[in-house]
Amino acid sequence: MSEVLVLVDHVDGAVRKPTLELLTLAKRLGAPAAVFIGASPDDAVAQLKKYGAEKVYVVDDAETKGYLVAPKAEVLAQLVEKTSPAAVLVVSTAEGKEIAGRLAIKTGSGLITDAVEIDDDGTTTQSVFAGSYTVKAKVTTGTPIITVKPNSATPQEGEGKGEVEQFAATISDSAKKAKIVASQPRKSSGRPELTEAAIVVSGGRGTGGDFEPIEGFADSLGAAVGASRAAVDSGWIPHAFQIGQTGKTVSPQLYVANGISGAIQHRAGMQTSKTIVAVNKDDEAPIFELVDFGVVGDLKTVLPAATEEITKRKG
Amino acid sequence: MNIVVCVKYVPDATADRTFESDHTVDRQGVPGLLSELDEYAVEQALQLKEKREGEDVEITALCVGPASAEEAVRKALQMGADKGVLVADDAIAGSDAVGTSAVLAGAVQHIGGVDVIMCGMASTDGAMSVVPAMLAERLDLPQVTLASKVESQGDQFRIQRDGDTSTEVIGATAPLVLSVTDQSGEARYPSFKGIMAAKKKPLETWSLSDIGVDAGDLGLSAAWSEVADTEARPPRSQGEIVTDEDGSGAEALVGFLASKKFI
Ligand SMILES: Cc1cc2nc3c(=O)[nH]c(=O)nc-3n(C[C@H](O)[C@H](O)[C@H](O)COP(=O)(O)OP(=O)(O)OC[C@H]3O[C@@H](n4cnc5c(N)ncnc54)[C@H](O)[C@@H]3O)c2cc1C
């Protein structure tokens with residue numbers, strides 16, 4: 001069985017959940033082979049193995065670390081050359097898509113981005129035009145390179161062989177032309193990761209800059225916090241929390257929009273959520289067209305009261 | 001300094017966008033315009049020029065698209081770009097990002113002596129966000145992409161990139177490929193003076209043979225991926241809407257969440 005290369009998305013060796021989803025999807029196409037680029041791979045290898053990696057290529061990051069994107073694409077291209085895989089799967093983060101784009105050119109392969117599903121025969125499903133269309137597509141040339149959105153599959157445990165192979169990649173000087181001069185890790189909020197969360201509670205201009213009711217309600221549900229661009233542009237919350245066309249795309253079980261009107265660019269990031277709820281003062285706000293349940297009311301009173309009730313019920 | 005801004009002509013995102021029977025984007029039935037996200041790239045190019053007063057800086061707006069895409073180039077000229085190039089060729093229709101990046105790369109090489117290739121963060125239709133990275137790969141240039149801030153001195157560039165897990169400062173030396181996000185600063189509206197001036201600015205249309213790109217590698221039939229099906233998602237039907245009165249809203253909300261087992 002051919003290998004399916006899965007590029008591991010991790011922070012200092014801690015594997016992020018979407019990678020485990022990719023391993024689950026990879027099993028449909030062949031033997032999952034994880035590609036770990038970094039130092040201290042031990043914890044990662046154990047976890048990748050637990051989620052079905054038959055093989056883990058470990059690539060020392062001494063030569064890739066300080067540079068943007070290009071060296072990782074070179075590593076993958078060399079592994080594609082060596083293993084002739086059935087496909088290469090990468091998480092649909094900004095960086096993941098750029099790596100995939102360069103890899104497609106390097107290997108003369110077709111590229112599909114932002115898949116939400118992959119069938120056994122390699123047919124992918126994508127959601128386009130702000131979630132209003134579903135597209136089925138397939139790569140026809142070269143090695144299929146597919147980036148997959150977080151939350152597209154449920155990671156399934158299933159012990160793989162987890163055979164470790166050190167891979168010495170050659171990084172060209174040309175790939176080192178864009179240097180990372182400084183890096184400031186984002187502080188963790190202690191809440192679930194936005195793109196991975198089962199529940200997302202978001203706030204917009206209607207919060208008036210006070211996110212306390214949003215955060216309180218989110219915490220009562222164990223949810224991640226998100227925001228509209230209006231809230232981000234006002235400086236109330238960092239851009240990393242923005243949901244929409246130019247922010248994150250989320251597809252949780254439950255999405256609760258508060259003080260958000262429902263502009264097309266916002267919808268683009270949340271329209272595929274399973275259940276949608278909104279709280280908005282204006283009964284004509286377009287967000288209500290999408291909801292499974294809506295409350296016409298002031299979020300400043302509705303949310304704290306709901307938070308109190310949930311906390312009480314949870315006892 | 002020679003700046004090329006890549007601008008895409010897209011169907012208006014606020015209209016009902018659809019597909020043709022061959023599963024390519026319907027570009028006829030829906031009004032087209034300059035992709036909003038590329039306006040940020042035009043803006044950053046203009047700011048770069050303004051900061052380099054006294055230097056000889058020229059901005060070329062470059063578009064790959066059908067003849068009607070001239071409108072997108074014209075808008076960039078109205079905003080302040082100096083000249084425009086549209087690469088239009090029947091053979092291009094149906095190309096994917098791989099094909100588009102090949103045409104853009106060919107045009108940039110044909111223009112020659114380009115120091116900065118400026119792009120938006122994504123198109124508002126395909127939204128793949130991969131063309132800048134592909135261009136950098138094809139032209140073997142440094143890629144400094146998804147900038148929320150751009151600074152430069154001479155041929156040294158530094159950008160801020162707000163990544164998924166960290167904020168980074170990326171540095172590189174021109175020539176390079178730069179893409180900017182919608183956090184980089186609002187794009188200006190064309191002024192009346194700008195609109196009048198744009199009428200006199202040069203706007204050339206090139207074919208693939210003009211730039212020496214092989215038509216056989218392009219278009220729908222040569223694309224490296226194939227769309228098998230496109231289907232409109234059924235519109236979401238509106239559920240129950242309640243109006244809050246003295247706390248009834250919160251109660252109903254919690255009741256709904258409990259009924260769906262979220263609590
Ligand atoms: C190129 C481009 C990209 C964009 N990308 C994004 C994106 O990624 N994400 C995004 O979100 N937007 C994006 N936008 C912006 C988008 O068009 C809207 O401007 C934005 O989503 C509006 O945010 P909002 O709903 O919070 O604010 P508004 O549209 O101002 O809506 C505020 C809502 O709050 C309600 N409200 C006010 N007070 C209260 C209260 N006390 N209680 C309850 N409700 C209240 C109001 O009734 C109103 O419906 C983009 C725009 C452009 C041009």
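Per chain, numbering begins at 1; letters A, B, ... match sequence-line order.
A heavy-atom distance below 4.5 Å is not found between the side chains of Val181(A) and Ile170(B). When side chains are defined from C-beta on, Arg233(B) counts as touching Ser127(A), because their heavy atoms get closer than 4.5 Å. Side-chain contact check for Glu226(B) versus Val139(A): every heavy-atom pair is 4.5 Å or farther apart. In this structure the side chain of Asp140(B) reaches within 4.5 angstrom of the side chain of Lys177(A), judged on heavy atoms. Within the 4.5 Å cutoff, no side-chain heavy atoms of Thr165(B) are placed close to those of Pro185(A). Inter-residue side-chain proximity for Arg161(B) and Leu68(A) is flagged as met; some heavy-atom pair is nearer than 4.5 Å.
Between Glu251(B) and Arg313(A) there is no salt bridge, since none of the side-chain N atoms of the basic residue sits less than 4.0 Å from a carboxylate O of the acidic one. Between Arg186(A) and Asp162(B) there is no salt bridge, since none of the side-chain N atoms of the basic residue sits less than 4.0 Å from a carboxylate O of the acidic one.
In this structure, Arg236(B) contributes its side chain and Gln271(A) its backbone to a donor-acceptor pair below 3.5 Å. Side-chain atoms of Glu168(B) never come within 3.5 Å of backbone atoms of Gln184(A) as a donor-acceptor pair (strictly under, hydrogens ignored).
Both the backbone and the side chain of Val302(A) come within contact range of chain B, each with at least one heavy atom under 4.5 Å from a heavy atom of that chain. Proximity to chain A is absent for every atom of Ser248(B), based on heavy atoms less than 4.5 angstrom apart. Leu37(B) touches chain A through its side chain: at least one heavy atom from C-beta onward sits under 4.5 Å away, while N, CA, C and O do not. For a residue to count as touching a neighbouring chain, one of its non-hydrogen atoms must lie under 4.5 Å from one of that chain's; by this rule Asp283(A) does not touch chain B. Contact annotation for Lys314(A): only side-chain heavy atoms (C-beta onward) come within less than 4.5 Å of a heavy atom of chain B. Residue contact with chain A, scored on non-hydrogen atoms closer than 4.5 Å, is absent for Ala122(B). Contact of Ile276(A) with chain B is made through backbone and side chain together, with heavy-atom distances under 4.5 Å. Looking at Phe217(A), the atoms closer than 4.5 Å to chain B (heavy atoms on both sides) all sit in the side chain, from C-beta outward. Only the side chain of Met121(B) comes within contact range of chain A, with heavy atoms under 4.5 Å apart. The parts of Thr246(A) that come within reach of chain B are both its backbone and its side chain, each placing non-hydrogen atoms under 4.5 angstrom from that chain. Looking at Val256(A), there are no atoms closer than 4.5 Å to chain B (heavy atoms on both sides), in backbone or side chain. Contact of Ala136(B) with chain A is made through backbone and side chain together, with heavy-atom distances under 4.5 Å. Within the 4.5 angstrom heavy-atom criterion, atoms from both the backbone and the side chain of Thr243(B) approach chain A. For Glu240(B), the parts lying under 4.5 angstrom from a heavy atom of chain A are both the backbone and the side chain. Only the side chain of Ile199(A) comes within less than 4.5 Å of a heavy atom in chain B; its backbone stays farther off. Both the backbone and the side chain of Thr134(A) come within contact range of chain B, judged by heavy atoms closer than 4.5 Å. In this structure, chain B has a heavy atom under 4.5 Å from the backbone of Lys274(A), while its side chain stays farther away. Within the 4.5 angstrom heavy-atom criterion, only side-chain atoms of Gln265(A), from C-beta onward, approach chain B. Contact of Val291(A) with chain B is made through backbone and side chain together, with heavy-atom distances under 4.5 Å. With a threshold of 4.5 angstrom between heavy atoms, Phe256(B) approaches chain A through side-chain atoms but not through N, CA, C or O. Interface remark: Ala130(A) contributes backbone and side-chain atoms alike to the contact with chain B (heavy atom separation under 4.5 Å).
Between chain B and the options Ala137(A), Gly66(A), Gly110(A), Gly294(A), the largest number of non-hydrogen pairs under 4.5 Å is found for Gly294(A). Looking only at heavy-atom pairs under 4.5 Å with chain B, the residue among Lys106(A), Lys248(A), Glu95(A) that has the most is Lys106(A). Most heavy-atom pairs under 4.5 Å with chain B: of the set Ala182(A), Ala240(A), Ser220(A), this distinction falls to Ala182(A). By number of non-hydrogen pairs under 4.5 angstrom with chain B, the leading residue of Leu221(A), Thr275(A), Thr124(A) is Thr275(A). Ranked by heavy-atom pairs under 4.5 Å with chain B, the list Arg16(A), Glu193(A), Gln242(A) is led by Arg16(A). Ranked by heavy-atom pairs under 4.5 Å with chain A, the first of Thr230(B), Thr181(B), Val144(B) is Thr230(B). By number of non-hydrogen pairs under 4.5 angstrom with chain A, the leading residue of Glu245(B), Arg158(B), His23(B), Glu36(B) is Arg158(B). The choice from Gly171(B), Gly249(B), Gly163(B) that makes the most heavy-atom pairs within less than 4.5 Å of chain A is Gly171(B). If you tally non-hydrogen atom pairs under 4.5 Å between each of Thr14(B), Leu257(B), Thr124(B), Thr18(B) and chain A, the highest count goes to Thr18(B). Among Ile241(B), Thr173(B), Val130(B), Ile263(B), the residue with the largest count of heavy-atom pairs under 4.5 Å with chain A is Ile241(B). Ranked by heavy-atom pairs under 4.5 Å with chain A, the first of Ala232(B), Ala172(B), Ala127(B) is Ala232(B). By number of non-hydrogen pairs under 4.5 angstrom with chain B, the leading residue of Ser109(A), Pro304(A), Gly222(A), Gly131(A) is Ser109(A).
In terms of heavy atoms, Phe262(B) sits closest to Gln253(A) at CZ-O, 3.7 Å. Between Ile105(A) and Ser101(B), the closest heavy-atom pair is CD1-OG, 4.0 Å. Shortest non-hydrogen contact noted between Leu253(B) and Phe293(A) is CA-CE2, 3.6 Å. The two residues Ala306(A) and Ala250(B) make their nearest non-hydrogen contact at N-CB, 3.6 Å.
In this pair, Phe19(B) and Tyr133(A) present their aromatic rings perpendicular. The plane angle is above 60°, beyond the 30 to 60° band.
Atom NZ of Lys176(A) has more than 12 heavy atoms from other residues, nucleotides or ligands within 6.0 Å. For Lys72(A), the NZ atom sits in a loose shell: 12 or fewer heavy atoms of surrounding residues, nucleotides or ligands are nearer than 6.0 Å. Within a 6.0 Å sphere centred on CD of Glu20(B), heavy atoms belonging to other residues, nucleotides or ligands number more than 12. Counting heavy-atom neighbours within 6.0 Å of Gln238(B) CD, excluding the residue itself, gives a total above 12.
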Exercise for the section: Kindly indicate, with the supporting measurements, whether the criterion side-chain contact (heavy atoms from CB on, under 4.5 Å) is fulfilled by Asp229(B) and Val135(A). Expected result: CA-CA 6 Å; Asp229(B) 189 29; Val135(A) 170; over 6 Å; no
Problem - Verdict with supporting geometry, Gln143(B) and Glu98(A), side chain to side chain donor-acceptor pair (under 3.5 Å) - result: CA-CA 10 Å; Gln143(B) 167 197 339; Glu98(A) 292 184 332; 2.9 Å; yes
Practice task
For the pair Asp292(A) and Lys260(B), evaluate salt bridge (Lys or Arg N to Asp or Glu O under 4.0 Å) and give the outcome as yes or no after the intermediate values.
Solution key: CA-CA 11 Å; Asp292(A) 298 286; Lys260(B) 294 278 180 187; over 6 Å; no
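When Leu111(A), Ile112(A), Asp114(A) are each tested for a side chain to side chain contact (heavy atoms under 4.5 Å, CB included) with Met128(B), only one passes: Leu111(A).
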